[in-house]
Amino acid sequence: MLPPPASDPEIARAKPGPLAKTPIKAIKATDGAVVITLSDPFAALPAYLAHFSAQILAPAAYGAEDAGVAVIGTGPYKITDLAPPLSLKAEAFGGYWGPAPHVPNVRYSAVSRVETRALMAESGDADFVFGLDPASVARLGLSDAVTVHSVAIPRVLLIKVNAGHPALSEPEARQALSLAIDREGIARAVLRYPEGATQLFPPSVGAWHNDSLVPLSHDPEKAKELLQGLGWTMGGDGILTRDGERFALTLTTYPDRPELPLVAAVLEQQFRAIGVELTINTTNSSEISAGHADGSLNLGLIARNFGLIPNPVGTILSDYAPAGDWGAMGWQNDEITDLARSVGRGDGGAPARARITEILQTELPIIPIAWYRQTLAVAKGVEGAVIDPWERTFGLPELRLSQ
């Protein structure tokens, strides 16, 4: 099997991924440079090129039908053993064009259970541990063996709403659900974060955070008034009814992120306080996109990452302009579509971003709950550890092991 020729730079564009949704007309390798021709202006292109699926590998990294068979790049480390998705080993690459890394060998292990990750940090079995749950953060913060780092990242805990559901089609109904949520309480008591989300975009995304928005708030009495205005009346069992139908919904979530089922349990109680019955379905995350596709999803409690493409317009275009599997459902807004495309082209600017956030805050096709923080436990013998809020690098070349 011969690898594709070195002049074939369009492998990533031909595969499913963000590049397939950009107005790229052609990609060519010319005189040692990658030349990209667009059919339309698209100022957000550099952010799309930063997506992991667009990385440039050597021609020999590919086999038949453009399938990746090796990881061959020019970074500070080279992979010596790879068993996706569970583990990889790497060593310092002698041909790296920059400063040589201080740590010669690294090993990465994917550990699904958060409790196991925390124990590995505590026992010294791992020097770097990412993705800790709130209870582990509190415990490891008292340990002399590790230092816990935390930073706000562009990932949001939110409820994906089926706006096509009869009980959720009115904006006022979605606003009522939002008003029922005690974000501050969830953030502090469940997630151990300093604050809840006041809008979709956290301050960590800079230009997309809109300080002029009226913050999302907790007001159960106002929620009840809105639902009463929509014709819902309280039944004898404490659940609202309208035209003989109970206000009963299923909230689907997944245990991959251990905080999600905990938050779901709290939401069940907070929604019941305004007369909405919630059934929790904790299952595989793929059931949310499947429920979006077949229309069966009521509500989905998810963590949405606005940093996969390090310009939030990429996620806006995939989630709301038009709606995508992890964004709006049963809801379409032509104004947002036009505004998002203008931002992508580079001619929308601050007014377009502000209007997009205003529409999302008012219509609530998704309901933000909390802004995520990335947590990292680092062994005391490791120096120079930092957290990249956009999760593009582990910072391995700058790490040192203390003597």
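Values in this document were obtained by computation on a predicted structure and should not be read as measured data. Side chains included, hydrogens not; waters and symmetry mates left out as well; all remaining heavy atoms used.
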Say you draw a straight line from [atom1] of [X] to [atom2] of [Y]; how long is it, rounded to the nearest 0.5 Å?
{"X": "L82", "Y": "L88", "atom1": "CG", "atom2": "CG", "result": "6.0 Å"}
{"X": "K25", "Y": "I36", "atom1": "NZ", "atom2": "CD1", "result": "14.5 Å"}
{"X": "R373", "Y": "I387", "atom1": "CZ", "atom2": "CD1", "result": "8.5 Å"}
{"X": "Q332", "Y": "M329", "atom1": "CD", "atom2": "CE", "result": "14.0 Å"}
{"X": "L308", "Y": "W390", "atom1": "CG", "atom2": "CH2", "result": "10.5 Å"}
{"X": "I280", "Y": "L249", "atom1": "CD1", "atom2": "CG", "result": "12.0 Å"}

- Message: Under the side-chain contact (heavy atoms from CB on, under 4.5 Å) test against I367, which residue among I181, L267, L158, L179 passes?
- Response: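 Single pass found, and it is I181.
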- Task: Can you spot which of T279, T253, L278, T252 makes a side-chain contact (heavy atoms from CB on, under 4.5 Å) with L299?
- Result: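 Testing each of T279, T253, L278, T252 against L299, the sole residue satisfying side-chain contact (heavy atoms from CB on, under 4.5 Å) is L278.
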For [Y] together with [X], are the ring centres under 6.0 Å from each other?
{"X": "Y77", "Y": "Y96", "answer": "no"}
{"X": "W371", "Y": "Y193", "answer": "no"}
{"X": "F394", "Y": "F130", "answer": "yes"}

If only side-chain N and O atoms count, and only distance matters, is there a donor-acceptor pair under 3.5 Å linking [Y] with [X]?
{"X": "N281", "Y": "T283", "result": "no"}
{"X": "S178", "Y": "R183", "result": "yes"}
{"X": "D133", "Y": "S136", "result": "yes"}
{"X": "R246", "Y": "T241", "result": "no"}
{"X": "N210", "Y": "S212", "result": "yes"}

So, do [X] and [Y] sit near enough that their side-chain heavy atoms are less than 4.5 Å apart?
{"X": "F306", "Y": "L200", "answer": "yes"}
{"X": "V103", "Y": "V106", "answer": "yes"}
{"X": "E259", "Y": "Y372", "answer": "yes"}
{"X": "L19", "Y": "L49", "answer": "yes"}
{"X": "P202", "Y": "V205", "answer": "yes"}
{"X": "L376", "Y": "V151", "answer": "no"}
{"X": "I24", "Y": "F42", "answer": "no"}
{"X": "L216", "Y": "L364", "answer": "yes"}

- Task: Quick one: do V276 and R272 satisfy side chain to side chain contact (heavy atoms under 4.5 Å, CB included)? Show the steps, please.
- Result: CA-CA 5 Å; V276 176; R272 178 169 284 276; over 6 Å; no
Under 6.0 Å from the [atom1] atom of [X], do we count more than 12 heavy atoms belonging to anything else shown?
{"X": "R242", "atom1": "CZ", "answer": "yes"}
{"X": "I56", "atom1": "CD1", "answer": "no"}
{"X": "R392", "atom1": "CZ", "answer": "yes"}
{"X": "E115", "atom1": "CD", "answer": "yes"}
{"X": "K21", "atom1": "NZ", "answer": "no"}

State whether the side chain of [X] and the backbone N or O of [Y] hold a donor-acceptor pair below 3.5 Å, judged by distance alone.
{"X": "K160", "Y": "P365", "value": "no"}
{"X": "S342", "Y": "L339", "value": "yes"}
{"X": "N305", "Y": "R155", "value": "no"}
{"X": "D66", "Y": "I11", "value": "no"}
{"X": "D125", "Y": "M120", "value": "no"}
{"X": "E268", "Y": "L251", "value": "no"}
{"X": "Q55", "Y": "F52", "value": "yes"}
{"X": "S402", "Y": "G381", "value": "yes"}
{"X": "T337", "Y": "N333", "value": "yes"}
{"X": "N284", "Y": "E287", "value": "no"}

Which heavy-atom pair separates [X] from [Y] by the least distance, and what is that distance?
{"X": "R341", "Y": "A321", "result": "NH2-O, 4.5 Å"}
{"X": "L132", "Y": "A377", "result": "CD1-CB, 3.8 Å"}
{"X": "R192", "Y": "A138", "result": "NH1-CB, 3.5 Å"}
{"X": "P101", "Y": "P76", "result": "CG-O, 3.8 Å"}
{"X": "K224", "Y": "A273", "result": "CE-O, 3.2 Å"}
{"X": "G300", "Y": "I288", "result": "CA-CD1, 4.4 Å"}

- Y320 vs W331 aromatic rings, parallel, tilted or perpendicular, using cut-offs 30° and 60°?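 Y320 vs W331 ring planes: perpendicular.
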- Message: For R188 and E184: C-alpha separation, side-chain torsions, deciding distance, then whether salt bridge (charged side-chain N to carboxylate O under 4.0 Å, His left out) applies.
- Response: CA-CA 6 Å; R188 293 182 180 276; E184 197 75 11; 3.0 Å; yes
- Query: For R304 and D319, what are the C-alpha separation, side-chain angles and deciding distance, and is it a side chain to side chain contact (heavy atoms under 4.5 Å, CB included)?
  - Reply: CA-CA 10 Å; R304 190 64 174 125; D319 285 4; 2.8 Å; yes
- Worked check of side chain to side chain contact (heavy atoms under 4.5 Å, CB included) between D388 and T393: CA-CA 6 Å; D388 173 18; T393 175; 3.7 Å; yes
- Message: Within 45 degrees of the ring normal and closer than 6.0 Å to the centroid, is that where the cationic atom of R353 sits relative to F201?
- Response: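 Checked: cation-pi criterion not met.
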- Task: Decide yes or no on side chain to side chain contact (heavy atoms under 4.5 Å, CB included) for L317 and Y48, but give the supporting numbers first.
- Result: CA-CA 12 Å; L317 285 167; Y48 280 72; 3.6 Å; yes
